[in-house]
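Here is the structure we will look at, set down as C-alpha cells.
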Amino acid sequence: MLGPEPIDEDLTPTRRAALRELHLRRIDLADEVRVVSEGGYVGSATRREIEYARERRKAITSVEPSLDLDDTVSRARNRHPRPCSVATDH
C-alpha cells in the first residue's frame with residue numbers, strides 16, 4: 001500500500017511539484033486509488049488525481065462510505081480548502 005506523504009513543513013514550489021509528480025506515479029503503480037477526505041471535502045489537487053486515475057481506468061473508492069466522488073468533485077470547486085489526500089493501494 002502506498003499512502004499520502006505526511007507534510008510537516010512549509011512546501012517550496014519545487015517540493016510541491018515533486019509531490020504532485022510522486023502522486024501521479026503512485027497512481028500509475030496502483031490497482032486501486034482510495035480517496036481519503038476530511039468531512040467529504042475533495043480539493044483541486046485530489047480532483048486532478050481522481051481524473052488522472054479515471055483516465056487510466058483505475059478503480060477509485062473512498063474511505064468515507066457516503067462520499068459520492070462524482071458529486072463531490074463537481075461541488076468542491078466552490079468550497080474553502082481543507083486537508084485532503086489520495087492514498088494509492090497496490
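Quantities reported herein were computed from a predicted structural model and do not represent experimental measurements.
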Hey, could you give me the CZ/CD1 distance between R54 and I60, rounded to the nearest 0.5 Å?
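So the CZ of R54 and the CD1 of I60 are separated by 5.0 Å.
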Within 45° of the axis and under 6.0 Å from the centre of the six-membered ring of Y52, does NZ or CZ of R56 qualify?
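The answer is yes, since R56 meets both limits relative to Y52.
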Set of salt bridge (charged side-chain N to carboxylate O under 4.0 Å, His left out) partners for R15, sequence neighbours left out:
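Expected list: E9.
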Results of salt bridge (charged side-chain N to carboxylate O under 4.0 Å, His left out) for R48 - residues two or more places apart only
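R48 satisfies salt bridge (charged side-chain N to carboxylate O under 4.0 Å, His left out) with no other residue.
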Can V35 and T46 be said to form a side chain to side chain contact (heavy atoms under 4.5 Å, CB included), step by step?
CA-CA 8 Å; V35 178; T46 303; 4.2 Å; yes
Does any part of the side chain of V63, heavy atoms only, come nearer than 4.5 Å to the side chain of R34, both counted from C-beta?
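Touching, per the 4.5 Å side-chain cut-off.
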Keeping the roles fixed (side chain from S37, backbone from G39), state whether a donor-acceptor pair exists under 3.5 Å.
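No, the answer is negative, given that no donor and acceptor are paired below the 3.5 Å cut-off.
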Matching residue for E49 among V42, V33, I27 - test: side-chain contact (heavy atoms from CB on, under 4.5 Å):
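Exactly one candidate clears the test, I27.
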Might you point out which heavy atoms bring S62 and L69 nearest each other, and give the distance in Å?
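Looking at all heavy atoms of both residues, the closest pair is CB-CD2, 4.4 Å.
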